[in-house]
Student: 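Right, I'll just put the structure down here and ask away after.
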Amino acid sequence: MSSETIINWLDEVDDDISDAESIVSDHESESEQEISEVSEDETDSSEYNSNETVEQNIRSQNFIYGKNRYKWSLQPFPQRRTRSDNIISHLPGVVGSAKIINSSNPIDFWNILFDNTMIEKITDYTNVKITELSISYGNKSTFTGHTDIIEIKAFIGLLYLCGIFKSGMEDVEGLFATDGTGRDIFRATMSLKRFLFLLSTIRFDNIYDRDDRKESGDRVAPISELFQMFLVNSQSNYSMSEYSTVDEMLVPFRGRCSFRMYMKSKPNKYGLKVMCLCDAKNHYLYNAFIYCGKNNVPNPKKFAIPTLNVLELVTPIFNSNRNITGDNWFSSIELITELKRHGLTYVGTLRKNKRDIPSQIVPNKQTEVNTTKFAFTKDITLLSFVPKKNRYVLLLSSMHHTNTINPENSKPEIIEFYNQTKVGVDALDQKCAVYSTHRRTRRWPLAIFYAMLDIASVNSRVLYSCKNINSPIPRRKFGIIIGKELIIPHMKRRLLQERLPREIPQIIKRILGDNTVEATQKISSNPNKRRRCYVCPSSKDTKYSNICSVCKKTLIVQLKINTFSNEAMKPSRMKEHFMKKHPDKSNKNILYFTDLKNKFEKRKTVTGLFNKTHLNNDKGLLASYKVSLLVAKCGKPHTIGETLILPAVEAILKSMTNLNVTNIISSIPLSNNTVSRRIDEMAYDVEIKLCDILKITKFSLQLDESTLRDNEALLLAYVRYVNIDEKITEELLFAKSLNTDTKGLTIFKVVDNFFTEKEFLQPLDKQLYDKLHKRGTNIAYLADVFEKLNDGNKNLQGDKINFIKSKSIISAFISKLSFFKNKISRREFNNFYNLSSSKQILDSDLEIYCAHLESLKDDMSTRFKDINDLIIPEWVLNPFLADIQNLQPSIQEELLEVKHNEEAKIDFKHNGY
């Protein structure tokens, strides 16, 4: 099978482009220009005059209304303090595994986003496809074998290098060309046929249950599992800043797909729409989903599609008081209200066709440039701004509540904030496009996989920058490092292959920059192996064993052996080789070459390291340890090994076997010092292992005193703990001499010194210990607050709880929060036991605690508003004293029966309502 045939078979040709219809998206990115055209009917002079008149009439009332009678105020509501929804409760930066990493290598941060679990799944699913396709290639194909994690990583590394070299649209044959126009690193990593084969067989899900997952509603089943794992890794290793952006990303794709989109505002026009949530500051992708159409998301509350999309994206950051910035496709009063319920604010442009917009806020043709109009509700600010003649922009914000305007450029604060935070997703898209791994494909899951690789590169660089602030790396160099780190393990392994083209090992050696130990051992372990002649053409496939002694000497450096056929061993040929390859040795004496030969033949080889004598010595060492253990258990003198045990073993072997007993006995060291040293080593290992177990489990300690023959006092310490099999185990911890006396203080010092020496009292995580110690005041405050919450939660539990008792408990707790806040502000901590024990409490900390208690009070009031607003009639609290004349006729008769029930009176007196 020729290379051209395989390439035509595997490569994707021009007819991959589908003529199927695409979904036309109504998501226009023109909103990011912040302005929209003024329509003709809005610029009509007569209408302008009438609007002006109406505006003057309503302004006196300070309120205006939208077409749906949505009420707006012309004046901002007074703000006495910072609103609770603008107080951020989460610190931005790396978290989880990324926080633990202390590395300056970019690949370490990439590995926590694209972890081995994901690579293993890709490997397994790809091998299933390889098994299916390899049958059609036949048994003689050398490039259709199963793959593994190392090779898949190398394949991904080559994709990254394609993006760095901007070769995504270049023909694959050009990358692997051998005429000097290709790139050597591609040929050094894998062959062209293997790369194309992996490109066609790589899969990302289990094909056997794909149909079941599609029927259950997963329209992106071929990539959803891997996509979700990537998002989980991205979210678990980074905490976003206070500003985030929602927008769409169009992954370029022109193949067949039922949810392929057409967006005329995007450079690629056709592709797969991915809704994204990004950090507005560093463009880190935090959450995303593949948009599959309007009817793909359950909508029990009948929300608009843009609202549903935003809520699905921001679910991981609910109740974090962060701000979301979006364009006019997302913005609506409905969205802002729903985000408010989940502890988030929103800023975004607004389309002029919304019925909530009052006509008085919309500019007209006569409105001057830089004119700003505001309208307010308690939680939302609406503005219109005219940046140039006949163009204006509408914005909504639940984060800003004032009519602040920058006097330098006459722009409102809301517009300046929107311009700073709107580019999160667009900047991510731009970064991905600069060094994109995308290649032309007709499989949409592969297009999504390319996008995941691009995003992983951007996200990992953000994590790296957070951990290595003083060591920035340019994005191109960062991508090159990741690509090379992914392919190097596969290169080293490939270097061990025997049937490589001659130039490949040299290319690998040049790329790696060092000599590979595995390859050296591979060649030097069998120097006498017959090889093809160094001089003869490769068509003459005869093997010989004649080797140049000089080349042998430089074997480790050159990674090759020059082998000669009988024809090449002629004096003329040998002289030609000698003068051509070793001209610096022409003046050497013949003894020099004889010495080279002798040294090479007597050198140590890998096989020699595992000869019979070496193995016997290892067995003798093991026997020495076992015998020493028996001596220690019996309590015999250490000299017994050399004086009794070895002679006994020798006598037994001579009598029972015909072995060479002398060599066996000499390989077992059992001298007095050796046995003593063996026992001490084993005791030390046992002690270390026992201490490691005790450091992570609870144990009881028992102390006892004993006296040796010479009246020396000995302190014995025993421990009892539950082992891994959940059985109680008792062990001797230590035996220490009491040199001075046996008083309690002396015993305590011996035990304390032992625990200090073994680091029992040291924290497992020193960095975490220092941080917790530094933040001791905050921890004490939180401990007291959670104690109050737990007490309230406990009071709300039980089978005797009802709405009346719940209201009393919740109302009292909300009142207590205000009481606690006032007490803390006056530095009265008698209600906070842990906080009162803190040595030094800063005023700045007290301000934070007061703000937190106020925020907690507002949150509790909002959450339990229905219970607090519950009206309980007096006749429910005490039906026996109720005046039935003022009650509803339907309950008067029943209440009379209860009022004269003597048994109920007694029960009410003892148990209450």
Side-chain angles (χ1 to χ4, degrees), residues 614-649 664-766 769:
H614 184 75
L615 295 176
N616 288 338
N617 290 337
D618 287 344
K619 293 180 179 179
L621 183 64
L622 179 61
S624 175
Y625 273 99
K626 290 185 176 181
V627 173
S628 300
L629 179 60
L630 294 175
V631 172
K633 287 182 176 180
C634 296
K636 299 297 182 180
H638 297 169
T639 56
I640 194 175
E642 195 172 20
T643 59
L644 178 60
I645 296 177
L646 280 183
V649 172
I664 296 176
I665 296 300
S666 62
S667 65
I668 306 175
L670 284 178
S671 65
N672 180 27
N673 293 336
T674 301
V675 173
S676 178
R677 187 170 64 254
R678 300 275 191 266
I679 294 174
D680 291 340
E681 290 175 356
M682 288 186 287
Y684 181 71
D685 292 340
V686 171
E687 183 184 53
I688 291 178
K689 184 176 181 181
L690 179 60
C691 290
D692 291 341
I693 295 174
L694 296 179
K695 288 178 183 179
I696 60 175
T697 185
K698 295 181 180 180
F699 63 91
S700 61
L701 179 67
Q702 179 184 352
L703 301 176
D704 195 6
E705 298 176 32
S706 181
T707 306
L708 300 179
R709 292 180 181 179
D710 54 355
N711 291 328
E712 182 182 356
L714 191 68
L715 178 63
L716 303 176
Y718 297 89
V719 291
R720 181 176 294 178
Y721 63 95
V722 179
N723 61 15
I724 194 173
D725 297 326
E726 298 185 355
K727 294 181 180 180
I728 298 177
T729 304
E730 185 174 338
E731 298 284 354
L732 173 67
L733 182 59
F734 66 81
K736 299 286 186 181
S737 297
L738 299 175
N739 299 324
T740 56
D741 52 55
T742 58
K743 295 181 179 180
L745 181 60
T746 304
I747 293 175
F748 174 79
K749 288 183 178 179
V750 171
V751 176
D752 183 63
N753 291 337
F754 177 82
F755 283 140
T756 303
E757 178 186 353
K758 301 302 179 183
E759 298 182 350
F760 267 76
L761 305 180
Q762 296 295 324
L764 296 178
D765 191 337
K766 189 65 168 60
Y769 173 81

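Atoms considered below: every heavy atom in the structure, side chains included; atoms not considered: hydrogens, waters and symmetry mates.
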Student: I'd like to know whether T707 forms a side chain to side chain contact (heavy atoms under 4.5 Å, CB included) with L714, so could you lay out the CA-CA distance, the side-chain angles of the two residues, the decisive distance to 0.1 Å, and finally the verdict.
Tutor: CA-CA 6 Å; T707 306; L714 191 68; over 6 Å; no
Student: For residues 626-641, which side-chain N or O atoms pair as donor and acceptor with protein atoms under 3.5 Å away, sequence neighbours left out?
Tutor:
unit_1: S628; atom_1: OG; unit_2: S624; atom_2: O; d: 2.8

Student: What residues, two or more places apart in sequence or in another chain, satisfy side chain to side chain donor-acceptor pair (under 3.5 Å) together with E730?
Tutor: R720
Student: Within a strict 4.5 Å, meaning less than it, do heavy atoms of the F699 and T729 side chains meet?
Tutor: no
Student: With a 4.5 Å heavy-atom cut-off, do L670 and T674 have their side chains touching?
Tutor: no
Student: Between L733 and E687, what is the shortest heavy-atom contact and its length?
Tutor: O-OE2, 4.2 Å
Student: Please determine whether side chain to side chain contact (heavy atoms under 4.5 Å, CB included) holds for the pair F755 and L694, giving the CA-CA distance in whole Å, both sets of side-chain angles, and the decisive distance to 0.1 Å.
Tutor: CA-CA 11 Å; F755 283 140; L694 296 179; over 6 Å; no
Student: Look up atom CG in L622 and atom CD1 in I668, then write down how far apart they are to the nearest 0.5 Å.
Tutor: 10.0 Å
Student: Checking S737 now: which residues fulfil side chain to side chain donor-acceptor pair (under 3.5 Å) with it, not counting sequence neighbours?
Tutor: E712
Student: Could you tell me which residues satisfy side chain to side chain contact (heavy atoms under 4.5 Å, CB included) with K743, sequence neighbours excluded, listed by chain and number?
Tutor: D741, T746
Student: Please enumerate all residues that pass side chain to side chain donor-acceptor pair (under 3.5 Å) together with E642, with sequence neighbours excluded.
Tutor: none
Student: How about V751 and L715: do any of their side-chain heavy atoms sit closer than 4.5 Å?
Tutor: yes
Student: Only counting residues at least two apart or in another chain, list the ones meeting ring pair (Phe, Tyr, Trp, His ring centres under 6.0 Å) with F748.
Tutor: none
Student: Would you list the pairs meeting salt bridge (charged side-chain N to carboxylate O under 4.0 Å, His left out) in which at least one residue belongs to residues 669-680, sequence neighbours left out?
Tutor: none
Student: So how far is it from Y718 OH to D704 CG, rounded to the nearest 0.5 Å?
Tutor: 6.5 Å
Student: Applying side chain to side chain contact (heavy atoms under 4.5 Å, CB included), name anything that partners D685, two or more places apart in sequence or on another chain.
Tutor: none
Student: To the nearest 0.5 Å, what is the distance between CG (L745) and CG (D752)?
Tutor: 10.5 Å
Student: Mind checking what makes side chain to side chain donor-acceptor pair (under 3.5 Å) contact with Y625, not counting sequence neighbours?
Tutor: E681
Student: If you take all heavy atoms of P669 and G620, which pair is closest and at what distance?
Tutor: CD-O, 4.1 Å
Student: Would you check if L716 and L703 make a side-chain contact, meaning some heavy-atom pair closer than 4.5 Å?
Tutor: no
Student: Taking ring pair (Phe, Tyr, Trp, His ring centres under 6.0 Å) as the definition, give me every residue that meets it alongside F754, ordered by chain and number, with sequence neighbours left out.
Tutor: F734
